[in-house]
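Remember, predicted model here, so these are calculated numbers, not experimental data.
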Amino acid sequence: LLTIVTAGQAFKIGNTGTFVWNPGINTSTEATLFVKGAENFSQGSTLIIKKWFNYASSIGQYMTGNFGNLTINTPGTNNTIVEWNLKNQLQTHKVLGQLTIDQGWVTLDKSGLITVTPIGSILLTGMNSVFYGHNGTHPSSFSIVTNSITNNGGTFYGLNDGDGNVTIHTIGNFSTYGNVKIINNSGVLNVSNGNATLLVDGIFTQSAGDTRIIYNVTTTNSGTYNATFGTLTLNGGVFMGQTGCNTSGGINALTVNNDLNVNFRNSTDKFRAA
């Protein structure tokens, strides 16, 4: 176990370095490396968090700079994963490389303070990988901008169970065979009223799973969506623009600037723009 006793002592990871945090004694007292250290992580470095001492306490609260590549796990008891609220710290302490969610559940913010959060790229490794941009009501609008998103069977939600407007902008490609909702409602009555924007400058590819830009069946005022793709390729699963009742008189828009490729193989596969 590495320990920093003197506050402000340097904790560095070089450009090709990897550091794995998997403490045998998982308490704040034993985590002085983060609690007291002055972090300096190169853009090409990798920090892997296997577990954390308090998932109500964001790792970003203990950072003095940015992350390079960051891998997060959030193990609970009995082989569960638990939600880790990062308290909007990744907006200040940016992930310059890849944010990987392995056996973990990450929520960027619950406070409504998130505005624009850039992330180098986002990878969900499997079915136990969960990403929320914001959980609960946001008072206005926020956006997440990233070079690419790869969802290998996990769950990706922009805004979950709350009002507000959200934009997900992928400068490159977005690949998924998992669960994708830009605005999602899990059953909470009369919330998740807001507008969703999904921008994929490159190729959006779905081979299985369920993608809905707005999913909300608990209200009659669930907002509208605007989705723009460079190329949209659907090889399987369910893709729908909106499941629910949008704002009266509201207009949804789905634009594909290049090719729309639909290659469904199963009777259960669906594509609906509305």
*Which pair of heavy atoms, one from Glu39 and one from Phe34, lies closest together, and at what distance?*
OE2-O, 3.2 Å
*asked:* Contact between Lys51 and Asn22 at the side-chain level, heavy atoms closer than 4.5 Å - yes or no?
replied: yes
*Please report the closest heavy-atom contact between Gln242 and Ser222, naming both atoms and the distance.*
NE2-OG, 2.9 Å
*Quick one: are the ring centres of Phe229 and Phe174 less than 6.0 Å apart?*
no
*At what distance, to the nearest 0.5 angstrom, does CG of Leu86 lie from CD of Gln91?*
12.5 Å
*Is there a donor-acceptor pair closer than 3.5 Å between any side-chain N or O of Asn165 and the backbone N or O of Asn195?*
yes
*Asn88 side chain near Thr117 side chain, heavy-atom distance below 4.5 Å*: yes
*Would you say Gln206's side chain and Gly236's backbone share a donor-acceptor pair under 3.5 angstrom?*
yes
_A side-chain contact here means heavy atoms from C-beta on lying under 4.5 Å apart; do Phe142 and Thr115 qualify?_
no
*Is a side-chain donor or acceptor of Asn216 paired with a backbone partner of Val191 at a separation under 3.5 angstrom?*
yes
*Just how far is it from atom CG of Leu198 to atom CD1 of Ile182, taken to the nearest 0.5 Å?*
4.5 Å
*Identified ring pair (Phe, Tyr, Trp, His ring centres under 6.0 Å) partner of Phe156 from the options Phe131, Tyr177, Trp105*: Phe131
*Between Trp52 and Trp84, is the ring centre distance below 6.0 Å?*
yes
*Atom pair OG (Ser148) and CG (Leu123), whose distance is rounded to the nearest 0.5 Å*: 8.5 Å
_Over 60° means perpendicular and under 30° means parallel, so tell me whether Tyr132 and Tyr157 are parallel, tilted or perpendicular._
parallel
_Straight-line distance of Ile171 CD1 to Thr146 OG1, nearest 0.5 Å_ = 7.5 Å
*Parallel, tilted or perpendicular: which describes the rings of His134 and His138, with under 30° parallel and over 60° perpendicular?*
perpendicular
_Side-chain donor or acceptor of Asn252 paired with backbone N/O of Thr224 under 3.5 Å_ = no
*Take Phe41 and Phe19 through the ring-ring contact (aromatic ring centres under 6.0 Å, His included) test and state the conclusion after the steps.*
CA-CA 10 Å; Phe41 300 159; Phe19 183 87; 8.2 Å; no
*Looking at Asn185 and Ser192, what are the two nearest heavy atoms and their distance?*
ND2-OG, 3.2 Å
*Say whether, by atom type as modelled, one donor and one acceptor occur between the side chain of Lys87 and the main chain of Ala56 under 3.5 angstrom.*
yes
*Between the side chains of Asn128 and Gln103, is a donor N or O closer than 3.5 angstrom to an acceptor N or O?*
yes
*Working to the nearest 0.5 Å, report the span between CG of Asn151 and OG1 of Thr125.*
9.5 Å
